[in-house]
Amino acid sequence: MNHYAILERKRSGDELRPEEVAEVVRGAADGSWDDAELAAFLMAVAIRGASAAETRELTLAMLDSGERWRLAERVPGVVDKHSTGGVGDKVSLILGPLLAACDVPVAMLTGRALGHTGGTADKLETIPGLRLDLDLDRCVGLLRDCRLAIGVATAEIAPADRRLYALRDRTGTVTSIPLVVGSILSKKLATGAAALALDVKTGDGALFADIERSRQLARMLVDTCTALGVPAAAVLSDMSQPLGEWAGHACEVMESLQCLEGGGDPRLVALTLALCEVACALAGHGVGRERLERALHDGSARETFLRWARAQGAESAWTDEPRLELAPVESVVVAPRGGVLATVRTRDLGMLVQETSRDRSDRVDAGVSLRCCARLGDRVARGQELARLYLRAEDPLLVERCRACFVVGDTGEAPPLVAERLAPAAR
């Protein structure tokens, strides 16, 4: 098939035929399209957009470029969850064991840090001995034994996406919604879960700060899943401030354990419960809010996390007494004046944590942490504590960068935690 003709049609705004989309993806996977050709395709999609049909075909072709596990055929009712990423977003660490404690099987292939957002895989790997490398048989075994399996995508899953994503990063096309949808769903649908719950962020710390763009992404994710035969629904949630009290790596694991034993930040728990309800409804599990809350308070959710961690290699000394250390140098960030916490520059906070927690060889320092002590809309006095940074050494410039992320004004309020819920569009 003529590469130039495909590029010319897309550049002109024509809708590509399924076989043309498949040709591009096949070229990304087998190398028959060079980087210049693929970059031209990505830029044409970013500028001209893509129809629902093109997005569906792009997703399907990327999905078919690698392994498909079809887990629901072997573990009926297995669910998956995906977040578009945010600062302090540790919902996956809570949702998985909570649903598993209620006998709802959960399989998630997670990612690493991307830009200002922390990665679930990086957080979990702070647990001594824990291994996130999974293949199909190992995943099925964990689901049958623990009702929970969490890992990172193998090299055989959606290989076309790895090449296309690297080029998106170099060509400034990362925020093209059709390309985002194809990238996310080609990996998530490869596991073959029975249903997918989506947490699409909006606000300063989200992929899209504008709620209309976030809504467009959520709608296209849900509708593309549905068109490909996988029940899906989305929650549009607030990321105008960090989710939970803590942002970092080890600290987020420990905060998740607090939530799993009935404590933790109420906003974090509320969003987790909302997504649990979405996942259960999609897959036909008769699990409601009362049972979920009971699992948080009776200790079964926390015990499920620890049992799963042991099954994936965590050292028994840690699972017997979970403990992860914070970096030793504690710096307090205080309000420069009295008033109301009006704005949190969440993206900047996330970048600060991600940059500071990696050394020159790009290794993660699990102890570098941020604790948020005030929330949007809170009334604060001059000198009142807004946040604490935990670092390896004194760094006044970092502390000042952190302080600048908290803006105190005369008025302000927090947006709703859940802005919208999106079900599949009526047909």
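We use all heavy atoms of the structure for the numbers below, so side chains are in, but hydrogens, waters and symmetry mates are not.
Between Trp308 and Pro97, every side-chain heavy-atom pair lies at or beyond the 4.5 Å cut-off. Side-chain contact check for Val24 versus Leu38: some heavy-atom pair is nearer than 4.5 Å. In this structure, Thr120 and Met108 have side chains that are not in contact, with every pair of non-hydrogen atoms separated by 4.5 Å or more. Side-chain contact check for Phe208 versus Val200: every heavy-atom pair is 4.5 Å or farther apart. Between Leu260 and Ile94 the shortest side-chain heavy-atom distance falls below 4.5 Å. Residues Leu271 and Leu275 are in side-chain contact: their nearest non-hydrogen atoms beyond the backbone lie under 4.5 Å apart. Side-chain contact between Val78 and Thr191 is absent, with no heavy atoms from C-beta onward closer than 4.5 Å. The closest side-chain heavy-atom distance from Leu370 to Arg388 is not below 4.5 Å.
Look at Asp204 and Arg345 and you find no salt bridge, because none of the NZ, NE, NH1 or NH2 atoms lies under 4.0 Å from a carboxylate O. Between Asp35 and Arg163 there is a salt bridge, with a side-chain nitrogen of the basic residue lying less than 4.0 Å from a carboxylate oxygen of the acidic one. At a threshold of 4.0 Å, the pair Lys10-Glu54 counts as salt-bridged, since one of the basic side-chain nitrogens sits closer than that to a carboxylate oxygen. Taking a cutoff of 4.0 Å between a charged side-chain nitrogen and a carboxylate oxygen, Glu19 and Arg17 qualify as a salt bridge. A salt bridge does not link Arg392 with Glu325: every distance from a Lys NZ or Arg NE/NH1/NH2 to an Asp or Glu carboxylate oxygen is 4.0 Å or more. Salt bridge status for Arg26 with Asp30: absent, with no side-chain N to carboxylate O gap under 4.0 Å.
The OG atom of Ser331 lies 12.0 Å from the CD atom of Glu400; values are rounded to the nearest 0.5 Å. Atom-to-atom distance recorded for Leu95:CG and Asp80:CG is 9.5 Å, nearest 0.5 angstrom. The distance from the CG atom of Leu63 to the NZ atom of Lys187 is 11.5 Å, given to the nearest 0.5 Å. Annotation: the span from Phe305 atom CZ to Ser256 atom OG amounts to 6.5 Å, rounded to 0.5 Å. How far CG of Asp199 is from CG of Leu243: 8.0 Å, rounded to the nearest 0.5 Å. For the atom pair CH2 of Trp69 and CD of Glu156, the computed distance is 9.5 Å after rounding to the nearest 0.5 Å.
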Requested in this report: Before giving the answer on salt bridge (Lys or Arg N to Asp or Glu O under 4.0 Å), spell out for Asp137 and Arg74 the whole-Å C-alpha distance, their side-chain angles and the decisive distance to 0.1 Å.
Outcome: CA-CA 10 Å; Asp137 290 339; Arg74 300 176 67 174; 3.6 Å; yes
Query - From CA spacing to verdict: salt bridge (Lys or Arg N to Asp or Glu O under 4.0 Å), Glu303, Arg310 - result: CA-CA 11 Å; Glu303 180 51 39; Arg310 284 193 292 271; 3.1 Å; yes
Query raised in the report: Between Val181 and Ile177, does a side chain to side chain contact (heavy atoms under 4.5 Å, CB included) hold up when you go through it step by step?
Result: CA-CA 6 Å; Val181 170; Ile177 288 178; 4.2 Å; yes
Requested in this report: Test Val180 against Arg168 for side chain to side chain contact (heavy atoms under 4.5 Å, CB included), laying out the working first.
Outcome: CA-CA 10 Å; Val180 171; Arg168 284 169 59 210; 3.5 Å; yes
Report task. Evaluate the side chain to side chain contact (heavy atoms under 4.5 Å, CB included) criterion for residues Lys81 and Leu99: first the C-alpha distance (whole Å), next the side-chain angles of each, then the deciding distance (0.1 Å), finally the verdict. Result -> CA-CA 11 Å; Lys81 170 260 177 191; Leu99 285 176; over 6 Å; no
Report task. Go through the steps to decide whether Leu352 and Cys405 satisfy the test side chain to side chain contact (heavy atoms under 4.5 Å, CB included), and finish with yes or no. Result -> CA-CA 10 Å; Leu352 183 151; Cys405 293; 5.5 Å; no
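Judged purely by atom type and a 3.5 angstrom limit, Gln312 uses its side chain to pair as donor or acceptor with the backbone of Ile150. Using modelled atom types, one side-chain atom of Thr346 and one backbone atom of Val344 make a donor-acceptor pair closer than 3.5 Å. In this structure a side-chain-to-backbone donor-acceptor pair under 3.5 Å is missing from Arg138 to Asp133. Without hydrogens or angle criteria, Thr224 side chain to Leu221 main chain gives no donor-acceptor distance under 3.5 Å. A donor-acceptor pair is defined here as one N or O able to donate and one able to accept, closer than 3.5 Å; no such pair exists between the side chain of Arg302 and the backbone of Leu296. Side-chain atoms of Lys90 do not come within 3.5 Å of backbone N or O of Met254 as any donor-acceptor pair. One N or O on the side chain of Trp318 and one on the backbone of Arg323 form a donor-acceptor pair closer than 3.5 Å. Using a distance-only test at 3.5 Å, with no hydrogens or angles considered, a donor-acceptor pair links the side chain of Ser357 to the main chain of Gln354. The backbone N or O of Val21 lies less than 3.5 Å from no partner atom in the side chain of Glu57, so there is not a single donor-acceptor pair. In this structure, Arg147 contributes its side chain and Leu142 its backbone to no donor-acceptor pair below 3.5 Å.
Listed by chain and number, the residues in a side chain to side chain contact (heavy atoms under 4.5 Å, CB included) with Ala314 are Ile127, Leu130, Ala309, Thr319 (sequence neighbours excluded). For Asp348, there are no side chain to side chain donor-acceptor pair (under 3.5 Å) partners at least two apart in sequence or on another chain.
Across Glu15 and Ala53, no two heavy atoms sit closer than the pair OE2-CB, 3.8 Å. Between Ala366 and Ser369, the closest heavy-atom pair is O-OG, 4.5 Å. Heavy atoms only, all atoms of each residue included: Thr126 and Leu324 are closest at O-CD2, 3.4 Å. Val87 and Gly350 get closest at one heavy-atom pair: CG2-CA, 3.7 Å. Minimum interatomic distance between His285 and Pro105 (heavy atoms only, all atoms of both residues): CE1-CD, 4.0 Å. In plain terms, the two heavy atoms of Ala295 and Ala101 that are nearest each other are CB-CB, 4.3 Å.
Inspection of the Lys201 and Ser83 side chains reveals no N or O donor paired with an N or O acceptor under 3.5 Å. Thr202 and Ser214 share a donor-acceptor pair across their side chains, judged by distance under 3.5 Å alone.
Ring geometry, Trp33 versus His3: the interplanar angle falls under 30°, so the pair is classed parallel (tilted spans 30 to 60°).
Among Arg131, His249, Arg112, the one residue that satisfies the side-chain hydrogen bond (donor to acceptor under 3.5 Å, both in side chains) test with Glu125 is Arg112. Results of the side-chain contact (heavy atoms from CB on, under 4.5 Å) test with Leu179 over Thr55, Leu164, Ile184, Thr173 single out Thr173 as the only residue that passes.
Atom CD of Glu321 has 12 or fewer heavy atoms from other residues, nucleotides or ligands within 6.0 Å. At most 12 heavy atoms of other shown residues, nucleotides or ligands fall within 6.0 angstrom of atom CD in Glu290.
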